[in-house]
Q: 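Here's a structure for you.
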Amino acid sequence: MSENRVVQGRMVTAEKLAELIEDDSVMEAEAIADADRDCPDCGGDVLEVGYMPSVTEYVVGRKCQDCDWSETDRD
């Protein structure tokens, strides 16, 4: 696991990756991990991050490193 990863040509932290997935700010995020799957849209590598968008919710989100595709476990 790494602190920062490249997503769509930009270096992002776990918090920034969570914000890209959530399309809003988050309270806290765990370390970024490889999701061990390919993007269903472009076939690129997918990253995974666990985060808290609010005090009462914990979400696991996945985001492609190469395109706009993302999903959460609440989808």
Side-chain angles (χ1 to χ4, degrees):
M1 281 192 263
S2 176
E3 282 290 316
N4 298 323
R5 300 294 285 271
V6 176
V7 175
Q8 293 180 277
R10 300 181 303 233
M11 204 59 137
V12 298
T13 62
E15 289 81 12
K16 182 61 179 170
L17 179 59
E19 289 171 358
L20 289 171
I21 295 167
E22 196 67 19
D23 201 28
D24 201 359
S25 61
V26 299
M27 296 182 63
E28 188 175 326
E30 296 180 345
I32 298 170
D34 291 316
D36 294 326
R37 64 180 282 192
D38 294 329
C39 174
D41 287 354
C42 75
D45 293 329
V46 175
L47 299 176
E48 184 173 271
V49 64
Y51 60 92
M52 293 181 68
S54 68
V55 166
T56 59
E57 187 177 21
Y58 179 82
V59 176
V60 175
R62 290 166 208 75
K63 169 87 176 83
C64 178
Q65 285 186 270
D66 301 321
C67 75
D68 289 334
W69 178 86
S70 67
E71 72 175 7
T72 64
D73 61 357
R74 66 163 104 85
D75 285 347

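Position 1 is the first residue of the sequence, and the numbers go up from there.
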Q: In chain order, what residues pass the side chain to side chain contact (heavy atoms under 4.5 Å, CB included) check against Ala18, with sequence neighbours excluded?
A: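 Val26, Ala29, Val49, Tyr51.
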
Q: Does Val46 belong to the same Ile/Leu/Val/Met/Phe/Trp/Tyr cluster as Val60, with side-chain heavy atoms less than 4.5 Å apart forming each link?
A: no

Q: Hey, does the side chain of Gln65 reach the backbone of Gly44 with a donor-acceptor pair shorter than 3.5 angstrom?
A: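 Pair absent, no side-chain N/O of Gln65 close to backbone of Gly44.
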
Q: Verify side-chain contact (heavy atoms from CB on, under 4.5 Å) between Asp73 and Val59, making sure each step is shown before the conclusion.
A: CA-CA 6 Å; Asp73 61 357; Val59 176; 3.6 Å; yes

Q: Distance from Ile21 atom CD1 to Cys64 atom SG, nearest 0.5 Å?
A: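 Ile21 CD1 to Cys64 SG: 11.0 Å, rounded to 0.5 Å.
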
Q: Please test Gln8 against Asp68 for side-chain contact (heavy atoms from CB on, under 4.5 Å), starting from the C-alpha separation and ending with a verdict.
A: CA-CA 8 Å; Gln8 293 180 277; Asp68 289 334; 2.8 Å; yes

Q: Where is the tightest heavy-atom contact between Lys16 and Val12, given as atom of each residue plus distance?
A: CG-CG1, 3.8 Å

Q: Where do Pro53 and Glu22 come nearest, in terms of heavy atoms and distance?
A: CB-OE2, 3.9 Å

Q: Under the salt bridge (Lys or Arg N to Asp or Glu O under 4.0 Å) rule, what pairs show up with a residue in residues 35-64, not counting sequence neighbours?
A: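 Residue pairs with at least one partner in residues 35-64: Arg37-Glu71, Glu48-Arg62, Glu57-Arg74, Arg62-Glu71.
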
Q: With side-chain contact (heavy atoms from CB on, under 4.5 Å) as the criterion, how do Leu47 and Leu17 come out once you've worked through the C-alpha distance, each side chain's angles and the decisive distance to 0.1 Å?
A: CA-CA 9 Å; Leu47 299 176; Leu17 179 59; 4.1 Å; yes

Q: For the residue pair Cys42 and Trp69, establish whether any side-chain heavy-atom pair is separated by less than 4.5 Å.
A: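 Cys42 vs Trp69: side chains apart.
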
Q: Please, which pairs that meet salt bridge (Lys or Arg N to Asp or Glu O under 4.0 Å) have at least one residue in residues 6-15, sequence neighbours excluded?
A: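 Salt bridge (Lys or Arg N to Asp or Glu O under 4.0 Å) check on residues 6-15 returns no pairs.
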
Q: Please lay out, stage by stage, how Cys39 and Cys67 fare under the test side-chain contact (heavy atoms from CB on, under 4.5 Å).
A: CA-CA 9 Å; Cys39 174; Cys67 75; 3.6 Å; yes

Q: Mark yes when over 12 heavy atoms from residues, nucleotides or ligands other than Glu28 sit less than 6.0 Å from its CD; otherwise mark no.
A: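 No, the 6.0 Å shell around CD holds no more than 12 heavy atoms from other groups.
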
